[in-house]
Amino acid sequence: MKIIMLGAPGAGKGTQAIMLADKYGIPHISTGDIFRSNIKAGTELGKKAKEYMDQGLLVPDELTTDLVVNRIEEEDCKNGFILDGFPRTIPQAKCLQEALKEKNDHMDFAVNVDVKAENIIKRMSGRRACPNCGATYHIESSKPKVEGICDRCGHELILRDDDKPETVKRRLEVYDDMTRPLIDFYTEEGILVSVDGSRDINVVFEDITKILEGKA
Ligand code: ADP
Ligand code: AMP
């Protein structure tokens, strides 16, 4: 199964993607996580990406697309994968489509996690992230078992630099301009499904799995 998670920043894409990856045993590929680990490791890619991320802007397509196209060629992706945070622009979506077409392949679902902007701001200000495994928590709605510590890997949780209110505002504007058009793109492709992401995490998950398994 090859799945794209679509939705505004903070809609819950990563939360759902990790649960889906665990359930179906396929890799969770988050471009945001890849950039953050490059920043931590001090690579050239990390240095370039940070300039854009800190301002709430998108990292240029030429630094992003090849990264994903190469990643999905790896052995662990042969039974499927979940893309989280990619594609974020129409050119990225077209490059992904072309790369798969060359192998006579295609994405199966683009899952749009739909949440209103006012809920999103609340979610992102309370988000805590694991810089090691990419899991996300919330200080009210999705607390870790031990405060400040990741349930999955035991690493200390952080507040992301780009979750500051002024950066969040810019990221939501960038989403509207650059990423929202993907909803129409994947509707035309015939693979878009939408879920109401404003409900409880487990209810949203159940809805998504029913759709993916053709039970909805
Ligand atoms: P995204 O990957 O789309 O940016 P995340 O999965 O990181 O979003 O979720 C953003 C924040 O909202 C996190 O703090 C997460 O714990 C919380 N969250 C995710 N889904 C829900 C939900 N259905 N209800 C309440 N809070 C949620
Ligand atoms: P995320 O973890 O998905 O919220 O992404 C964090 C930041 O990484 C975004 O605000 C962008 O600056 C950058 N980023 C992640 N994925 C992409 C992408 N597909 N294209 C461009 N920039 C991206």
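Heavy atoms only: backbone and side chains are in, while hydrogens, waters and symmetry mates are out. This is a predicted model, so every value here is computed, not measured. Counting starts at 1 for both ligands and their atoms, following the listed order.
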Considering only the protein, which heavy-atom contact is closest to [atom], and what is its distance?
| atom | answer |
| --- | --- |
| atom 7 (O) of ligand 1 | Arg127 NH1, 2.6 Å |
| atom 14 (O) of ligand 1 | Tyr137 O, 2.7 Å |
| atom 16 (N) of ligand 2 | Thr31 OG1, 2.7 Å |
| atom 10 (O) of ligand 2 | Arg171 NE, 3.7 Å |
| atom 21 (C) of ligand 2 | Val59 O, 3.1 Å |
| atom 4 (O) of ligand 1 | Gly10 N, 2.8 Å |
| atom 23 (N) of ligand 1 | Arg199 O, 2.7 Å |
| atom 23 (C) of ligand 2 | Phe35 CE1, 3.8 Å |
| atom 8 (O) of ligand 1 | Gly12 N, 3.2 Å |
| atom 18 (N) of ligand 1 | Arg123 CD, 4.0 Å |
| atom 19 (N) of ligand 2 | Gly85 O, 2.8 Å |
| atom 2 (O) of ligand 1 | Gly14 N, 2.8 Å |
| atom 20 (N) of ligand 2 | Gln92 NE2, 2.9 Å |
| atom 25 (C) of ligand 1 | Ser141 OG, 3.4 Å |

Practice problem: Decide whether the shortest distance between a heavy atom of Ala8 and an atom of ligand 1 is less than 4.0 Å. | Solution: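 The answer is yes, since Ala8 has a heavy atom less than 4.0 Å from ligand 1.
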Exercise. Return yes or no for this condition: an N or O of Arg36 is under 3.5 Å from an N or O of ligand 2.
Key: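 Yes.
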Exercise. Compute the shortest N/O to N/O distance between Ser30 and ligand 2 and return yes if it is under 3.5 Å, no if not.
Key: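 No; every N/O pair is 3.5 Å or more apart.
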Exercise. Rounded to the nearest 0.5 Å, what's the gap from CG on Asp33 to OG1 on Thr136? Could you check?
Key: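 Going from the CG atom of Asp33 to the OG1 atom of Thr136 covers 9.0 Å.
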Salt-bridge criterion met for [X] and [Y] (N-O under 4.0 Å):
| X | Y | answer |
| --- | --- | --- |
| Asp22 | Arg152 | yes |
| Asp207 | Lys215 | no |
| Asp105 | Lys2 | yes |
| Lys48 | Glu44 | no |
| Arg127 | Asp163 | yes |

Quiz item: Has Arg160 got any heavy atom lying under 4.0 angstrom from an atom of ligand 2?
Solution: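 Under 4.0 Å: yes for Arg160.
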Proximal candidate to [atom] [heavy atom criterion; set [options]]:
| atom | options | result |
| --- | --- | --- |
| atom 11 (C) of ligand 2 | Leu57, Thr64, Leu67 | Leu57 |
| atom 5 (O) of ligand 2 | Lys50, Met53, Arg88 | Arg88 |
| atom 19 (C) of ligand 1 | Asp84, Val115, Thr15 | Thr15 |

Please tell me whether [X] and [Y] have a donor and an acceptor in their side chains that are separated by less than 3.5 angstrom.
| X | Y | answer |
| --- | --- | --- |
| Ser198 | Asn119 | no |
| Tyr137 | Glu147 | no |
| Asp61 | Thr89 | yes |

Quiz item: Would you say Gly126 has any N or O atom under 3.5 Å from an N or O of ligand 1, going by distance alone?
Solution: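 No, there is no polar N/O contact under 3.5 Å.
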Quiz item: How does Ala17 reach ligand 1, by side chain, by backbone, by both or by neither, if only non-hydrogen atoms under 4.0 Å count?
Solution: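 Looking at Ala17 and ligand 1, no heavy atom falls under 4.0 Å.
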Practice problem: Report yes or no: does Arg180 contribute a side-chain atom to a donor-acceptor pair with the main-chain N or O of Asp177 at less than 3.5 Å? | Solution: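 Checking the backbone N and O of Asp177 against the side chain of Arg180, no donor-acceptor pair under 3.5 Å is found.
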Quiz item: Side-chain contact, heavy-atom cut-off 4.5 Å: Lys94 with Ile90?
Solution: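 Yes, at least one pair of side-chain atoms sits under 4.5 Å.
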